[in-house]
**Q** 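Please see the structure below; I have some questions.
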Amino acid sequence: MTLNEQTLKQAVASGSIELSVRGMTCAACVARVERALKKVPGVDEAQVNFATEVATVRPATDASAPDADSLTEALIAAVAKAGYVAHHQAPDAPLDDAPVSWWAVWGAVCAGLLASLPLVLPMLWGAHHFWPAWVQFMLATPVQFILGARFYKAAWSALKDRSGNMDQLVALGTTAAWGLSCWLWWSQSGHAHGGHAEPDLYFESSAVVITLVLLGKALEARAKRQTTAAIRALQALRPGTVRRVGPDGAVDVPLHQVVVGDELIVKAGERIPVDGTLTVGSSHVDESMLTGEPLPVSKAVGDQLTGGSMNVDGLIRLRVTAVGGQTMLAHIIRSVVDAQASKAPIQRVVDKVSAVFVPTVLLVALLTGAGWLMAGESMDVALMRAVAVLVIACPCALGLATPAAIMAGTGAAARQGILIKDPEALETAHRVQIVAFDKTGTLTRGAPRVLAFEAWADSGAAWPQPLHLAAALQSGSEHPLAKAVVAHALESGQGPADVVRVQSLTVVAGKGVEGVVVCLAAGEQAPDAQRWAFGSARWVRELGAQSDDVSAFERKWSDDQGATVSVLLRQQPSDVWVPVAGFAFGDELKPGAAEAVAQLHRMGVQTALISGDGARSVEMMAARLGIQHIWSEVLPSDKARCVQQLRAAQSTGPKVVAMVGDGINDAPALAAADIGMAMANAGGGTDVAMQAAGVTLMRGDPLLVPAAIDVSRRTATKIRQNLLWAFGYNVVGIPLAACGGLNPMLAGAAMALSSVSVVTNALLLSRWRPARTRAEVGVSPK
């Protein structure tokens with residue numbers, strides 16, 4: 001059995017077959033591919049992800065279902081019959097990351113602009129027919145039938161499927177303008193006097209419409225590729241090779257050759273490749289991608305390790321417990337893929353309207369021509385008035401209504417530090433009713449700092465103060481809490497003491513550090529040496545050093561404030577440990593966090609806090625900010641579930657939920673929410689969060705969250721205004737053209753005016769600025 005056959009049979013056995021589908025251009029294509037797949041005998045369900053261009057097919061489980069090879073061949077043939085290309089893809093195969101050439105994306109747009117510009121420029125000086133008819137024909141025809149060939153193909157595919165889409169409107173409208181121009185040129189050129197007068201032609205309309213729609217398609221293709229960047233970033237967390245322990249020692253092997261039970265070696269600074277159990281060594285592991293906790297977690301023999309996390313500071317060996325699609329990282333990737341697949345753009349609505357609009361316009365044009373013939377008019381008059389109906393109904397304004405507003409809105413937002421990479425996000429954010437925040441790095445700075453320091457006893461004669469000693473013990477460590485102690489000592493003017501030397505420093509995994517400290521300030525006397533320790537309050541109890549001071553400090557800062565408590569201890573000659581000082585660590589609120597929540601409430605948006613931190617810490621933060629809904633001690637998969645619960649568990653019906661986060665651990669929740677917003681903070685995991693979200697806040701400023709919703713609301717208003725104008729224009733213009741009130745020349749001018757009006761209205765968004773103060777914030781338009 002070949003590797004491909006084995007992968008295919010395993011995929012069927014696991015319950016699904018995945019196909020890579022190429023050639024889809026819009027949401028209507030997705031529906032056609034799904035219908036084609038569902039018609040294949042032996043298919044139970046089929047779902048197509050337009051963002052990743054992957055179709056997931058669930059085969060039937062009954063005995064009559066075809067075998068894996070036959071079913072896959074039938075699926076590929078069905079997709080080919082629908083007009084697309086498909087091939088089998090392994091479920092865990094990495095996405096195609098090959099760069100797309102600039103010319104492949106923008107070449108047709110540039111060629112269209114070069115041909116259209118000479119046709120349009122004379123109109124700026126009021127010269128509608130500056131160029132001879134044959135020049136206009138030579139410029140417009142390649143645009144219509146070479147650059148526009150894709151629209152004819154897509155329109156024909158939709159027609160065979162008995163459906164309508166924007167490609168049909170583009171093909172129909174531009175062909176009508178081009179065909180009418182050829183007819184008028186041929187029929188009226190013989191009546192020109194002296195060869196100087198030219199008939200009214202509309203070649204520029206067909207060329208400009210094709211070019212503008214090609215521009216929109218290029219922008220759509222770029223946005224679609226960006227939606228899969230989150231999956232690529234997550235897949236990049238898995239190393240290509242691993243160090244496997246065998247009879248001949250450690251050998252580098254490809255990751256896909258690793259199986260459950262293998263033993264792997266991971267050096268400091270390397271990512272843990274798969275899920276496993278630590279068998280040799282100890283280290284700190286950065287699991288921020290899973291828990292959101294900014295502090296590395298100490299790991300000892302027997303602890304579980306998760307693929308994709310970072311081994312910070314030790315050489316370790318692990319035994320593999322899960323590989324491939326069974327790892328936690330694979331589940332996170334699948335969560336992102338599934339969440340992205342469920343999002344629908346507003347263009348689906350336009351396609352549905354177009355499905356009715358196209359046959360309606362054809363029928364009106366046909367009735368117009370027949371009506372004027374029955375009224376006694378000549379064939380030329382009847383044809384010109386029928387074509388006038390088609391020209392006035394050209395979908396230029398309809399096609400520009402949404403993208404023009406989105407482009408203007410995203411441009412204005414980008415200038416203010418709000419990067420909207422996915423147009424769907426801009427269309428969705430205006431309906432947000434609840435904003436869910438991650439805590440660490442989103443509402444807080446994401447780095448621990450000393451909130452309180454309290455000394456309970458002297459260090460001893462000739463010894464530095466406790467803060468000096470604590471900084472000296474921690475000065476050689478890269479642990480975030482150690483850095484916080486040193487930073488606090490420096491800010492207090494009591495940095496690591498030069499009069500002490502730390503010897504035999506030992507890291508006690510998950511508890512703290514201890515070592516022998518030699519005091520060099522004893523003058524001529526022999527240097528004094530004592531054993532000191534710095535660690536958690538739990539370790540203090542294990543050492544039997546609990547005191548009233550420690551208990552009171554822990555109640556005040558840990559129980560009441562949700563802070564992390566550590567204690568500096570000194571060992572007496574009798575080996576009894578004595579607490580000397582206490583430290584409380586916490587994360588500071590970002591400037592603007594409270595005002596951002598207040599702005600959202602004034603905009604009528606509820607707020608929630610979903611965090612992996614302890615319950616008390618999260619409750620204190622929510623109470624301080626006035627946040628209404630709270631979840632604490634939550635893992636990534638649970639974060640996505642919390643978003644779903646937040647959306648559904650409302651008495652007034654389902655709510656539109658936005659998720660704001662900054663780490664890899666937030667990626668599933670960002671993708672599961674109706675709209676994800678990623679904070680561009682420094683630190684591991686931010687890039688993945690940015691890729692999973694539709695909106696990236698380029699500054700770690702919480703005030704950009706209400707600003708993003710505000711610009712989305714204003715953009716949605718422009719979209720509605722543009723669509724109303726585009727459809728209203730047809731509602732008024734088509735009857736006028738049918739009744740003879742508009743000749744083709746006026747119909748073409750009216751069509752151009754509708755497009756100019758739509759773009760001008762959209763450009764008003766460029767004046768948008770975010771509100772920064774309470775006085776500026778009100779209820780934005782909905």
Side-chain angles (χ1 to χ4, degrees), residues 284 293-298 300 447-460 463-492 494-497 500 502-519 528-587 613-614 616-617 620:
H284 286 86
E293 172 59 48
L295 308 179
V297 180
S298 61
R449 57 185 295 269
V450 177
L451 300 179
F453 165 71
E454 187 174 304
W456 304 311
D458 292 333
S459 304
W463 282 78
Q465 294 301 312
L467 186 54
H468 278 288
L469 287 166
L473 275 173
Q474 301 283 33
S475 60
S477 174
E478 293 298 316
H479 194 282
L481 292 185
K483 292 181 178 180
V485 170
V486 174
H488 181 71
L490 291 172
E491 291 172 3
S492 304
Q494 302 183 43
V500 296
V502 180
Q503 298 177 346
S504 305
L505 187 67
T506 303
V507 177
V508 183
K511 298 176 182 180
V513 297
E514 65 172 304
V516 175
V517 180
V518 178
C519 180
D528 191 7
Q530 293 181 359
R531 179 169 290 275
W532 291 77
F534 187 94
S536 66
R538 183 182 64 180
W539 192 25
V540 172
R541 290 188 289 272
E542 292 178 4
L543 294 174
Q546 188 74 8
S547 68
D548 292 340
D549 290 328
V550 174
S551 299
F553 191 80
E554 192 174 4
R555 281 195 303 270
K556 178 180 178 180
W557 290 104
S558 181
D559 298 343
D560 296 342
Q561 303 295 329
T564 299
V565 170
S566 294
V567 179
L568 175 68
L569 304 105
R570 179 180 62 205
Q571 190 179 44
Q572 302 281 51
S574 59
D575 292 340
V576 175
W577 288 95
V578 177
V580 175
F583 292 78
F585 300 91
D587 207 355
D613 290 352
R616 188 56 181 166
S617 175
M620 295 292 295

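Here the structure is a predicted model, which is why all the values come from computation and not from measurement. Both backbone and side-chain heavy atoms feed into the values below; hydrogens, waters and symmetry mates do not.
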**Q** Taking the side chain as every heavy atom from C-beta outward, state whether Q530 and V517 have any pair of such atoms under 4.5 Å apart.
**A**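 Not in contact.
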**Q** For Q474 and A482, which heavy atoms make the closest approach, and how far apart are they?
**A**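 It is OE1-CB, 3.5 Å.
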**Q** Which residues pass the side-chain hydrogen bond (donor to acceptor under 3.5 Å, both in side chains) test with S551, sequence neighbours left out?
**A**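 Listed in chain order: Q546.
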**Q** With a 4.5 Å limit on heavy-atom distance, are the side chains of L505 and L473 in contact?
**A**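 The answer is yes, as the side chains (C-beta and beyond) meet within the 4.5 Å cut-off.
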**Q** Please round to the nearest 0.5 Å and tell me the distance separating atom CG of L467 and atom CG of L490.
**A**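 One finds 9.0 Å between CG of L467 and CG of L490.
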**Q** Can you sort out the partners of E542 under side-chain contact (heavy atoms from CB on, under 4.5 Å), two or more places apart, ordered by chain and number?
**A**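 side-chain contact (heavy atoms from CB on, under 4.5 Å) check on E542 returns K511, R538, W539.
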**Q** Would you call the rings of F553 and W557 parallel, tilted or perpendicular, taking 30° and 60° as the class edges?
**A**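 It falls in the tilted class, 30° to 60°.
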**Q** If you measure from CD on E514 to CZ on R531, what distance do you get to the nearest 0.5 Å?
**A**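 Those atoms lie 5.0 Å apart.
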**Q** Would you name the heavy atoms of A472 and V502 that are closest together and state the gap between them?
**A**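 So the minimum-distance heavy-atom pair works out to O-CG2, 3.7 Å.
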**Q** Any side-chain heavy-atom pair from Q503 and V518 closer than 4.5 angstrom?
**A**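 When only atoms from C-beta onward are counted, V518 and Q503 do touch, with a gap below 4.5 Å.
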**Q** Given V540 and L569, is the side-chain contact (heavy atoms from CB on, under 4.5 Å) satisfied, shown in steps?
**A** CA-CA 8 Å; V540 172; L569 304 105; 4.1 Å; yes
**Q** So which atom in V565 and which in E554 form the shortest heavy-atom distance, rounded to 0.1 Å?
**A**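 For V565 and E554, the tightest heavy-atom pair comes out as CG2-CA, 4.3 Å.
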**Q** With a 4.5 Å cut-off on side-chain heavy atoms, are V567 and F534 touching?
**A**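 No, every pair of side-chain atoms sits at 4.5 Å or beyond.
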**Q** Give the minimum heavy-atom separation between L568 and P466, together with the two atoms involved.
**A**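 Shortest heavy-atom separation between L568 and P466 comes out as CD2-O, 3.4 Å.
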**Q** For the CZ atom of F585 and the CG atom of L481, what is their distance to the nearest 0.5 Å?
**A**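 That separation rounds to 5.0 Å.
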**Q** Atom OG in S536, atom CZ in R541: separation rounded to 0.5 Å?
**A**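 Atom-to-atom, S536:OG and R541:CZ are 7.5 Å apart.
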**Q** Once you round to the nearest 0.5 Å, how far does OG of S475 lie from NE2 of H468?
**A**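 Reported value, rounded in 0.5 Å steps: 13.0 Å.
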**Q** Show the atom names and distances, to 0.1 Å, of all donor-acceptor pairs under 3.5 Å that link a side chain in residues 449-456 to residues at least two apart or in another chain.
**A**
from: E454; atom 1: OE2; to: W456; atom 2: NE1; distance (Å): 2.8

